[in-house]
Protein chains: 2
Amino acid sequence: MKENCRPTNPGDTCAVKGIHRNVINSVKQKMPESVALFELSDFFKLFGDSTRLGIIWALSESEMCVCDLCALLKMKQPAVSHQLKNLKQTRVVKSRRDGKVVYYSLDDEHISKLLKMGMDHISES
Amino acid sequence: MKENCRPTNPGDTCAVKGIHRNVINSVKQKMPESVALFELSDFFKLFGDSTRLGIIWALSESEMCVCDLCALLKMKQPAVSHQLKNLKQTRVVKSRRDGKVVYYSLDDEHISKLLKMGMDHISES
DNA sequence: AATTCATATTAACATATGTTCATATAAGCA
DNA sequence: TGCTTATATGAACATATGTTAATATGAATT
C-alpha cells in the first residue's frame with residue numbers, strides 16, 4: 001500500500017496514520033486496556049450464540065436443571081453441558097447440586113438487564 | 001417442586017425430556033420467538049470481537065473517521081471498513097459523509113450503556 | 001476530464017467456535 | 001457392591017467468522 005497522505009496541518013496526517021490527531025489522542029486516553037477489551041469481548045461473545053442465549057434467557061426466568069434445559073431447547077445433553085461450562089467459567093451462571101441433579105441459575109442480576117436492553121434495541125426497528 | 005427422574009405422569013420422563021414439566025412449560029411461555037433469539041444473538045455477536053469492540057468503544061467516546069480509527073486501533077483500512085459495514089447494517093453505527101471523509105458514530109445511546117454494563121460485570125471479579 | 005485519495009468491496013484464506021459421539025464421573029438405590 | 005441415572009468431559013469434525021490482499025468506487029481538486 002502506498003503512502004498517500006497529505007497533511008493539512010502540521011500533526012494532521014492521514015492514510016493509516018489518522019487525520020485528526022487531537023481526536024485520536026483524546027480517545028486513546030479513554031480507551032480501556034487492550035486486555036480489558038479482550039475480556040469484555042469474551043464476555044459478550046457468550047451472548048452471541050443463539051443456543052447459549054436461549055439457555056441464558058431461560059435461566060433468567062427460572063432456575064433449571066440440565067435435563068430440563070435439554071427438553072426446553074431441544075438440545076442434546078452434552079451440548080447443553082458444554083455451554084453451561086462456558087457460562088460458569090465466566091461467572092454468568094452458577095450451579096448447585098441436589099443429589100444427582102444439578103441446578104443452574106444466573107449468577108448476577110446484570111445479566112438479565114443486559115438481555116432486556118439488547119432486546120429493546122433490536123425491537124426498535 | 002423437586003422430584004426424581006421417575007415419571008409421575010405419562011409424558012413426564014427425564015433423560016433428554018425434562019424432569020420438571022411445570023417449570024419447562026412456564027419458562028417456555030416466557031421465551032422469545034426463536035427468530036428473536038437469533039436476531040438478538042447476532043446483535044450481541046457484534047460485541048464479541050475485540051477489534052470490533054475497540055471500534056465501538058472508540059465511537060462511544062467520539063465521532064471518528066475511518067482513517068482515524070485505523071490509526072487509533074492500528075488496524076488496516078479494509079479491516080476497519082469491513083467491521084464498520086457490519087456495524088452499520090445492524091444499526092449499531094451510523095455514518096455521515098463530508099467530502100471524501102466518512103465519519104462514524106454510535107447510532108444509539110443504548111450501546112454505550114451496554115458497554116459500561118459489560119465492563120462493570122467483568123470488573124467485579 | 002484526469003488525477004488523487006479516503007473509503008468500500010470481493011474472494012481466498014486462516015482460525016476460532018459449536019456440535020457430536022463416545023465415554024467418564026458422581027450420586028442414589030437395590 | 002452392582003446398577004441406573006443425571007451430568008461432565010475429550011477429541012474429531014464441521015461450520016462460521018475475521019483477516020488479508022487486490023481491486024473498485026466515489027468525491028474533490030486541478
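Order of the sequence lines fixes the chain letters, A, B, ..., with proteins taken first and strands second; residue numbering starts at 1 for each chain.
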Q. Is there a donor-acceptor contact under 3.5 Å from the side chain of Ser41(A) to the main chain of Leu37(A)?
A. yes
Q. Is a donor-acceptor pair below 3.5 Å formed from side chain His82(A) to base dT20(C), judging by atom type as modelled?
A. yes
Q.
Suppose we screen for salt bridge (Lys or Arg N to Asp or Glu O under 4.0 Å). Which residues come up paired with Asp120(A), at least two apart in sequence or across chains?
A. none
(Q) I need the CE-P distance between Met75(B) and dT20(D), as an integer number of Å. (A) 8 Å
Q: Check DNA chain D against residues 47-60 of chain B and give the residues with a non-hydrogen atom under 4.0 Å, in numerical order.
A: Asp49(B), Thr51(B), Arg52(B)
Q) Can any side-chain N or O of Ser81(B) pair as donor or acceptor with the backbone N or O of Pro78(B) at less than 3.5 Å? A) no
Q) Tell me, do Asp107(B) and Val92(B) make a side-chain contact under 4.5 Å, heavy atoms counted? A) no
Q | Distance in angstrom units between Gln77(A) CD and dT5(D) C1', rounded | A | 11 Å
(Q) Judged by each residue's nearest nucleotide on DNA chain C, which is more toward the 5′ side, Pro78(A) or Asp42(A)? (A) Asp42(A)
Q. Can you tell me if Lys88(B) and Ser95(B) form a side-chain donor-acceptor pair at under 3.5 Å?
A. yes
(Q) Any base atoms under 4.0 Å from Tyr103(B), or only sugar-phosphate, or nothing? Heavy atoms, all strands. (A) nothing
Q. Does Asn25(B) use its side chain to pair, donor to acceptor, with the backbone of Arg21(B) at less than 3.5 Å?
A. yes
Q: Please identify each residue that fulfils side-chain contact (heavy atoms from CB on, under 4.5 Å) with Asn86(B), with sequence neighbours left out.
A: Leu46(B), Arg52(B), Gln83(B), Gln89(B)
Q | Any side-chain heavy-atom pair of Leu115(A) and Leu53(A) under 4.5 Å | A | yes
Q. In whole Å, what is the span from the CG atom of Asn86(A) to the P atom of dA16(C)?
A. 15 Å
(Q) Base contacts versus sugar-phosphate-only contacts with protein, heavy atoms under 4.0 Å: please encode nucleotides 25-30 of chain D as B, S and - from 5' to 3'. (A) --BS--
Q. Should Phe38(A) and Leu40(A) be regarded as members of a common hydrophobic cluster, given that ILVMFWY residues are connected when their side-chain heavy atoms come within less than 4.5 Å of each other, either directly or indirectly?
A. no
(Q) What is the distance, to the nearest angstrom, from the NZ atom on Lys76(A) to the P atom on dA22(C)? (A) 10 Å
Q.
By nearest atom, which of the nucleotides dC21(C), dA8(D), dA11(C) is closest to the Val102(A) side chain?
A. dA8(D)
Q) Whole Å only: how far is the NZ atom of Lys85(B) from the P atom of dT17(D)? A) 15 Å
Q) How far does the helix from dA1(C)-dT30(D) to dA30(C)-dT1(D) bend, going by the axes of its first and last five pairs, to the nearest 10°? A) 20°
Q. What's the CZ-P distance between Phe38(B) and dT17(D), to the nearest Å?
A. 11 Å
**Q.** Exam field: side chain Arg97(B) to backbone Gly99(B), donor-acceptor pair closer than 3.5 Å
**A.** yes
Q. Can you name the ring pair (Phe, Tyr, Trp, His ring centres under 6.0 Å) partners of Tyr103(B), sequence neighbours left out?
A. His20(A)
Q: Please tell me which of the listed nucleotides, dT7(D), dT19(D), dA8(C), lies nearest to the side chain of Val66(B)?
A: dA8(C)
Q) Can you tell me how far P of dT15(D) sits from NZ of Lys45(B), to the nearest Å? A) 15 Å
Q | For atom CZ of Arg96(B) and atom P of dA6(C), their distance in whole Å | A | 16 Å
Q. Given dA8(C), is OP1 or OP2 found less than 4.0 Å from the side-chain N or O atoms of Tyr104(B)?
A. yes
Q) Hey, does Thr90(B) have a side-chain heavy atom less than 4.5 Å from the side chain of Asp42(B)? A) no
